[in-house]
Amino acid sequence: MATNITWHPSLSRAERNTFRKQPGFTIWFTGLSASGKSTIATALEQHLLHLGFAAYRLDGDNVRFGLNKDLGFSEKDRNENIRRIAEVAKLFADSSTIAITSFISPFAADRQTARSLHAEVKGDDAPLEFIEVFVDLPLEVAEARDPKGLYKLARAGKIPEFTGISSPYEAPENPEIYIRSDQKSVEDAVAEIVQYLEKRGLLKLAQ
Ligand code: ADP
């Protein structure tokens with residue numbers, strides 16, 4: 001049994017990062033349905049894991065059916081959906097994990113809420129980095145891809161308030177990273193994000 005444990009009343013984020021040998025932060029994907037958020041986010045997650053980082057993706061499959069299964073698609077529920085996702089991403093980031101979120105998150109105010117949550121500081125902790133990745137493409141291309149047949153259903157009036165068809169998508173004005181997924185391969189998109197993170201000094205794995 002270890003006997004040399006020193007207890008701290010609480011651990012600062014910097015100390016936690018030192019123990020975990022990496023910083024935590026959030027990469028927030030936004031864009032139309034079928035823009036490629038999940039495809040790029042999944043490839044990025046795997047790449048980061050290969051490099052030795054703890055990274056975890058939050059998406060519709062693991063959030064909508066669990067934590068947020070009580071929420072629908074009204075504007076109020078959509079706001080709450082994003083607020084909870086932002087809070088969970090922040091917890092992952094605070095635990096020295098790279099949180100990757102992949103949700104349409106169509107409203108600028110909701111994305112701003114997510115960003116602001118990460119900027120809040122307590123004690124001596126530095127703000128958590130929040131990197132917004134806007135995966136953009138013309139609506140016609142998203143509609144032609146339509147991997148889940150959702151645009152077809154939306155056009156037929158079977159999905160109310162579908163982003164891009166019957167509900168607006170408010171494009172980010174100042175995303176940290178902008179990707180045209182109709183002009184860039186998945187591999188190049190991942191490479192661009194990794195380059196950005198390296199430039200910002202966020203991909204330093206301590207020995
Ligand atoms: P979203 O998560 O934004 O709804 P998905 O990643 O689920 O989008 O679906 C995007 C679809 O577009 C997938 O079928 C993917 O294979 C395809 N696709 C084609 N080219 C690209 C690209 N360059 N980047 C991302 N996805 C692409």
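All ligand and atom numbering here is 1-based and tracks the order in the structure. We're numbering straight along the sequence, starting at 1. Just so you know, these numbers come straight off a predicted model, no measurement behind them.
Nearest heavy atoms, Asp125 versus Ala14: OD1-N, 4.5 Å.
Atom 24 (N) of ligand 1 has its closest protein heavy atom at Val186 CG2, 3.5 Å. Nearest protein heavy-atom contact of atom 18 (N) of ligand 1 is Arg145 CZ, 3.6 Å. Of the protein's non-hydrogen atoms, Gly36 CA, 3.6 Å is the one closest to atom 26 (N) of ligand 1. Nearest protein neighbour of atom 7 (O) of ligand 1, counting heavy atoms only, is Ser38 CB, 4.0 Å.
Look at Arg16 and Asp94 and you find a salt bridge, because one of the NZ, NE, NH1 or NH2 atoms lies within 4.0 Å of a carboxylate O, short of that distance. Taking a cutoff of 4.0 Å between a charged side-chain nitrogen and a carboxylate oxygen, Arg155 and Glu143 qualify as a salt bridge. Between Arg84 and Glu80 there is a salt bridge, with a side-chain nitrogen of the basic residue lying less than 4.0 Å from a carboxylate oxygen of the acidic one. For Glu161 and Arg78, the salt-bridge test fails: no basic side-chain N is under 4.0 Å from an acidic carboxylate O.
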Requested in this report: For the pair Ser116 and Gln112, evaluate side chain to side chain donor-acceptor pair (under 3.5 Å) and give the outcome as yes or no after the intermediate values.
Outcome: CA-CA 6 Å; Ser116 302; Gln112 185 53 48; 3.1 Å; yes

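Among Ala34, Gly60, Ala189, Gly31, the residue whose heavy atom sits closest to atom 4 (O) of ligand 1 is Ala34. The residue among Leu150, Val141, Thr39 with a heavy atom at the shortest distance from atom 16 (O) of ligand 1 is Thr39.
At least one N or O atom of Ser181 sits closer than 3.5 Å to an N or O atom of ligand 1. Inclusion of Ser102 in the set of residues having an N or O under 3.5 Å from an N or O of ligand 1 is not warranted.
With Arg115 as the fixed residue, the salt bridge (Lys or Arg N to Asp or Glu O under 4.0 Å) test singles out one of Glu120, Glu132, Glu129: Glu132. Between Phe134 and the choices Trp28, Phe29, Tyr178, the ring pair (Phe, Tyr, Trp, His ring centres under 6.0 Å) rule is met once, by Tyr178.
Residue-ligand proximity, Leu32 to ligand 1, at heavy-atom distances under 4.0 Å covers atoms 3 (O). Ligand-side atoms of ligand 1 in range of Pro147: 9 (O), 14 (O), range being under 4.0 angstrom from any heavy atom. Taking every heavy atom of Lys184 and a limit of under 4.0 angstrom, the matching atoms of ligand 1 come to 22 (C), 23 (N). Interface atoms of ligand 1 facing Ser35, defined by a heavy-atom separation under 4.0 Å, are 3 (O), 8 (O). Each of the following atoms of ligand 1 lies closer than 4.0 Å to a heavy atom of Ser33: 4 (O).
Ligand 1 lies nowhere less than 4.0 angstrom from a heavy atom belonging to Val135.
Panel note: side chain Asp59, backbone Asn62; a donor-acceptor pair is recorded below 3.5 Å. Between the side chain of Arg57 and the main chain of Ser102, no donor-acceptor pair closer than 3.5 Å is present.
Here Lys37 has heavy atoms under 4.0 Å from ligand 1 in both its backbone and its side chain.
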